[in-house]
Amino acid sequence: DQQVKQNSPSLSVQEGRISILNCDYTNSMFDYFLWYKKYPAEGPTFLISISSIKDKNEDGRFTVFLNKSAKHLSLHIVPSQPGDSAVYFCAAISGGTSYGKLTFGQGTILTVHP
Amino acid sequence: NAGVMQNPRHLVRRRGQEARLRCSPMKGHSHVYWYRQLPEEGLKFMVYLQKENIIDESGMPKERFSAEFPKEGPSILRIQQVVRGDSAAYFCASSPGQGAGQPQHFGDGTRLSIL
């Protein structure tokens, strides 16, 4: 049962344009969401997060939007740079029994062309 | 990903052997998490430990897999009698405490290959 879904396996964007990565979830107990970036042969690197009590969080070129009613979140990267090319994972936490368990989506490969 | 150290980076084992994966958390972090990534998939949670305690092992296979985080030394993920299906990248993460506001920081993983 895939509780966090990233339905676009890949996304290609021109340098300078906006990249929009999407994520859907099914578990209404999730109350915190994170985005990680991953380069080949490296571990995921934390990018940005958002609590379920907010609908937007911004950090530099990265903005995460949360639509709780639609159980949908998105990551916007503006402007996109070639160095942003990587796999992006959406992850969620449920505050139920512990905050230890991150549930990840399958990832979206972002390619930013110069 | 400086900080969380995993070794070895690559490990090759034959079917039936044991695999031991080590993880040293970032300085000041007392919470350790293990995840497994199969080819073409996202990371799947395995286990969450604090020093000398297993907090959540809901993602661990019931047999052959065990994890520990002793008072001294790194956290160890141990896989006994490995099978081909254990081939994957195993990632360790750490955080300073429990709570959604303390993101987990990942190591670069151990790539386990089973011959």
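In what follows, chains carry the letters A, B, and so on, assigned in the order in which the sequence lines appear, proteins first and then strands, with residues in each chain numbered from 1.
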Reference residue B:F69; test side-chain contact (heavy atoms from CB on, under 4.5 Å); the match among B:K51, B:E52, B:Q50: B:K51

Among the listed options B:K44, B:H31, B:R111, the residue most often paired with chain A at heavy-atom distances under 4.5 Å: B:R111

Region of A:Q6 that comes under 4.5 Å of a non-hydrogen atom in chain B: neither

Side chains of A:Y88 and A:S19 in contact at under 4.5 Å (non-hydrogen atoms): no

Toward chain A, the part of B:Q37 with a non-hydrogen atom under 4.5 Å: side chain

Heavy-atom contact with chain A under 4.5 Å, split by part of B:S58: side chain

Mutual orientation of the aromatic rings belonging to A:F33 and A:Y25 [parallel < 30°, tilted 30-60°, perpendicular > 60°]: tilted

Qualifying residue, where the test is ring pair (Phe, Tyr, Trp, His ring centres under 6.0 Å) with A:F104 and the options are B:F91, B:Y35, B:F45, B:Y33: B:Y35

